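Structure first, then comments.
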Amino acid sequence: MPFLKYFREFRILYGRYFWSGLALLTITNALDVIPPLIIMRGIDQITNRASEPELLKTALIFGGLTLALSFVRFHWRMQWGRYHQNLARDLRNRIFTKLTQLGPTFYTKNSTGELMSLISNDVESVRMGMGPGVLVLTDAFLYFVTIPPIMMTLSWSLTWKTLILLPLLPVFVHWLGNIIDRRFSLVQERFSELSGITQENIAGIRLVKSYVQEDHQTEIFNRKSRQFHEAALKVAWPESFMHPVMEFCVSVGVFVLILWGGRDVIAGTLTVGTFFAFHRYISKMAWPMTAIGWGFSLVSQARSSIRRIDEFLSTPLDTNTNPETARPLERIESVQVKDLSFSYPASNTPALQNLSFQISDSETLGVIGPVGAGKTTIINLLTGLYLVDRNKIFINGVDINDIPVSELRKQIAVIPQDAFLFSQTVVENLGFGLTELPSPELSRRYARVTAFEQEVETLPQKWETLLGDRGVNLSGGQKQRLTMARALIRQSSLVIFDDSLSSVDAETESTILSALKDELAGKMKIIVSHRLSAVRSCDQLLVLHQGTAEALGNPSEVAKQSRTLQELLRLQGHESDRL
Amino acid sequence: MSIAYQDDKLQSGTRYRDLVVRVAPYVWKTKGIFLFVVALVLTHTALGRFLPSLIGYTVDHFILTKKAEFLLQAGAAYLLIEVFRYILMIAETYLFQRLGLQVIYQLRSDLFSHVQRLPVSYFDRTPNGRIVTRLTNDFGSLSELFTSGLVSVFTDTISIIGIVVAMTLISPKLTLVVLSISPLMLWVSLWLSRNARDTLRLLKRQLARLNAYVSESLSGIKVIQLFNKESQTRQSFEKINESYRDFQVENLRYLAWLYPVLNGFNAITVAMALYFGGLISLSDAVPVGSLVAFLMHTQDFLNPIRNILEKYQTFQSSLASAERIFGLLDEPAEDLTGQKISENRFMGNVEFKDVHFSYSPEGGEVLKGIDLQVLPGQSVALVGPTGSGKSTIISLLQRFYQIPKNQGQITIDGYDISKLQAQELRRRVAVVQQDPFLFKGTIASNISMFDPSISEETVRQAAWRAGCEDLCRSRDKGLDSLVEERGANLSVGERQLISFARILAFNPDILILDEATAFVDSQSEHLIQQALKEVTRGRTSIIVAHRLSTILECERIFVLNQGRLVESGTHQELLKIPQGVYRNLYELQLKKTLNH
């Protein structure tokens, strides 16, 4: 039972808030049942023609007591609130920490939307269950053990007669609640469909306009929107019943009170004050009855949410390093791949098959091949994003599994194909991989190398320009050059270009490549590309085709052997077998 | 992604009055239901106020005078009124919801249809997520204002008025005394709830920040891990999370005071009613039963006030949503008007006459005086480095942007396109995008674009001519096979073939093709080249070309550089220009392997 496990843990962790909140709640409830009794006394005093000072005393007691009640009520709310807000914060922290530790195996299986929902909706539902849910149930319990006994001491027979319908209330609330929940999930489904087609329409707006489909698109949208509203209306029905039916049970109680209670007053066994007090208590009892239904549904939602959270938190991590054999890494001097085969966890076709190559210090390896040939897989394995078998990849002669991932990544700068930047300033993005922000000289130097220096000058706040949705949107090429600078500024010993220059034109590409020459001299490089011009001057060229090495060696020799390369040469307008 | 935009305007300058003015016409469309519901509310509130008086009357006239035989009648009357009142409440709640949903539906439909008509430049400068949020989440917030907010404020206000009236009927003097402290109560509770509302706003902003941070970290998780930034990211998150919790506790501080304060004031009111009422009653001015009724009314005060204050806090964010919705509705729509074209088809004589263009007044010119002519039926290639103005030319040809006066013109068969009906023009000039966009649906629906005027037969023929045969055969349902969102279950090559079929189905007079740069395998490449021949046959075609094989198929090549047309001619002619841009481009790709 994950719910109880976490509940116990948080109860201990935030015990101070938890127990003081509950204690204050108990006091509140104990005080809250008294006021009707005081009013009862007052009314009886009036009917019995008591003296004015006595009535004043009753009124003052009433006022004083309820004011005291207000104070206690404020404090239990605060204490209890602190308990469940802290609990929610803890859960969010735990989930986020886990998110940063999980690798791509996990992320390919789980969508961002699901994970977002876990950290927002599920945490919120656990908070509601363990906070207000538990509270409401306790509250209801306290009502049950206080109000009916008081009513019984006032009049035993009237108590059961007036409260007779109330036990049906939780059953009803629960039943209606279930109907609402069920229908509401349809509403949510319809809503996500509606936002789905909206998103699609906006993303394809040029196409819509291009083909003059505005009206048809509006029709399609209206159809979905109507479905959504129909679903919402189906929830409106049971919802509109909720309140009246709850009040109806009270009304029946009051009806009984007028009939039998009235008789008792006439017979002299009940005072008018008691009659009034009964009226108050019957109304008060409606709340704990509904609270049970509500509390249970909050807790049950929390239970399914905490199960999802627990399952997520116990996802095993891909750790390949055994801390006992782990060694630090100063610098990458050689990379050796021996007979490497690899399949992605969810796939049964191998992404790489029997691949071998070797790169030594200051050498450049070019990797080329069509989409899906396994180019990116090599990078994923070298950077430890996926686990690899032992004795397949060696860095400086040491098995990659014996090098801590963080040590490895410190020495490798990857420039990925899709340029991802954070919604921070330009200089913060540039220095993302450093421990502190880069100096202006350093920033300028790497901006120059990547032909980004002049572009920075055109930005509104230069280096301090905020990027992203709330700031400036860079063009594809600018983003690409900034991500390149961000990787290079770390001055790692191995630099990997993962088709990084695909979004700049050939001219810019050659400018960048020549500027990089000095910067990268003496470093090991792996250049993955689908463009021949990028890998022309490599020391070794690896041609991949469906996960196997079709050819490996000096570029001009490879051009003679490899059919894939010849095909590429033809398509990109090169004379075949010459590079 | 939508979450990130929620906070862009939480504080609203819109007043309730503006909202009422904008929404009133929509509500008035359903005036039948609206007026009926208002009548229901008034009836149910009036009945509700009648009840304590009924009990008071029973106490005075039946119980204290010992007339037990009337008790059943009194009780039955009580129960009957209650049941009737509940029926009214059910009807009223349901109808209010229905009314709200109808209004929202209309408003949403109007907004969507308006968005379809916004100029492309609007989409250029607005993130998609923001527009989607307007059409989805913002309406959620607005409809909350309708279905629960306004309704409860309305009924609760009527309730309060009803209570005061009922109390006054029992004893005006006592009512005046008892209500003497209510201004103070209102002042304190309004102060608290205003603070609660303001902290709620900050809280929501912080929540949006938190969600945005998580969402961005998830998108960039690979970068974070490759740069060893896990622990630093974690620390930043914890800081945001910590302050989110602090905001929550801060908000709670006001909320937690709100109800106890209301309760306290209400208790004082009741105590006063008890004491002063008692005094009056002792002097026989008011019978005990009426005093009981008076006390019941006094206690009923609490709920409606509490409800109103509770809703008050959410109102502000609904109001902000309303402002955003109406703001979008006020965005000027694209000017689509213009003259009709009398000919059935364009011949396809496209001419650019000294066209200058810039996307924004402060931005530089993207096109700096383009002059070019494409003859009917001709296929031409546009070639040039990134940023040379190729995409701008495509957009201008479909009138996605308007060329300002005296900045040149584009004509087709002699018509100035800026003076033609935009939609008419777009029907005749079709574009195939570089990365073809597909909608969720079937292959067939993507070819017909859900347009009911395109027959099944047309779709089938278009699909076959574009070479989609293999693609359909390899899937179990042929043309009716499912296409996922954005065509995620199809390869780049397949998406292109479908977009070619689309062209054939719509049969435009002029084709503009932005060729894909992605490298596909040779078999798909072959299919695409075949389909390309099919779609360009007999049709004026302007191709933004990236592949030599495509360029060589074209009859004429226009070379653009930095917004200018620098060279034009055939492949052979252009290669002869020493230091020419085309030659340079060509050489960069080839490097010393020139054998032509």
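Sequence lines set the chain letters: A, B, ... in the order given, protein chains first and strands last, and positions in each chain run from 1. Everything numeric in this text was worked out from a predicted model, so none of it was measured.
At a cut-off of 3.5 Å, with distance as the only test, a side-chain donor of A:E52 or B:Y275 sits close to an acceptor on the other residue. Side-chain atoms of A:R206 and B:Q398 form no donor-acceptor pair, as typed in the model, at a separation below 3.5 Å. There is a side-chain donor-acceptor pair under 3.5 Å between A:T100 and B:R234.
Among the candidates B:V429, B:T58, B:V261, B:V270, the residue making the largest number of heavy-atom pairs closer than 4.5 Å to chain A is B:V270. Put simply, of A:I38, A:T66, A:L67, A:N222, the one with the most heavy-atom pairs under 4.5 Å next to chain B is A:N222. Top candidate by heavy-atom pairs under 4.5 Å with chain A, chosen from B:G264, B:A430, B:S219, is B:S219.
Salt bridge absent: A:E200 and B:K440 never bring a charged side-chain N and a carboxylate O closer than 4.0 Å. In summary, B:R85 and A:E247 engage in a salt bridge, as defined by a charged side-chain N under 4.0 Å from a carboxylate O. Between A:K209 and B:E334 a salt bridge is recorded (basic side-chain N to carboxylate O distance below 4.0 Å). Using a 4.0 Å cut-off between a side-chain N of Lys or Arg and a carboxylate O of Asp or Glu, A:D215 and B:R117 qualify as a salt bridge.
Contacts between B:I131 and chain A at a heavy-atom distance below 4.5 Å involve the side chain alone, from C-beta outward. Looking at B:Y78, only its side chain comes within 4.5 Å of chain A, counting heavy atoms on both sides. Only the backbone of B:L438 has a heavy atom closer than 4.5 Å to any heavy atom of chain A. Contact annotation for B:I551: neither backbone nor side-chain heavy atoms come within less than 4.5 Å of a heavy atom of chain A. Of the two parts of B:V288, only the side chain, counted from C-beta on, holds a non-hydrogen atom closer than 4.5 Å to a non-hydrogen atom of chain A. Within the 4.5 angstrom heavy-atom criterion, only side-chain atoms of B:L218, from C-beta onward, approach chain A. In this structure, the portion of B:F123 lying under 4.5 Å from any heavy atom of chain A is its side chain and not its backbone. For A:E239, the part lying under 4.5 angstrom from a heavy atom of chain B is the side chain only. Looking at B:Q299, the atoms closer than 4.5 Å to chain A (heavy atoms on both sides) all sit in the side chain, from C-beta outward.
Ring geometry for A:F96 against B:Y213 counts as tilted: the plane angle lies between 30° and 60°, on a 0 to 90° scale. Taking the six-membered ring for Trp and thresholds of 30 and 60 degrees, A:F248 and B:Y86 have ring planes more than 60 degrees apart, a perpendicular arrangement. In this pair, A:F74 and B:W257 present their aromatic rings parallel. The plane angle is below 30°, not in the 30 to 60° band.
Judged by the 6.0 Å and 45° rule, A:R77 forms no cation-pi pair with B:Y259. Note that A:R490 lies in the cation-pi zone of B:F227, set by a 6.0 Å cut-off to the ring centre and a 45° limit from the axis.
Checked by atom type and distance alone, the side chain of B:N241 pairs as donor or acceptor with a backbone atom of A:R89 at under 3.5 Å.
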Evaluation steps, side chain to side chain contact (heavy atoms under 4.5 Å, CB included), between A:R92 and B:F237: CA-CA 9 Å; A:R92 279 191 295 268; B:F237 174 78; 4.1 Å; yes
Criterion side-chain hydrogen bond (donor to acceptor under 3.5 Å, both in side chains) on A:N201 and B:Q116, from CA distance to verdict: CA-CA 9 Å; A:N201 171 274; B:Q116 301 302 299; 2.7 Å; yes
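The side-chain heavy atoms of B:Q423 and A:E214, taken from C-beta on, include a pair separated by under 4.5 Å. You'll find the side chain of A:F241 stays beyond 4.5 Å of the side chain of B:T93, heavy atoms only.
When all heavy atoms of B:L274 and A:I46 are compared, the closest pair comes out as O-CD1, 4.1 Å.
Applying the 6.0 Å contact sphere to CZ of B:R98 captures no more than 12 heavy atoms from other residues, nucleotides or ligands.
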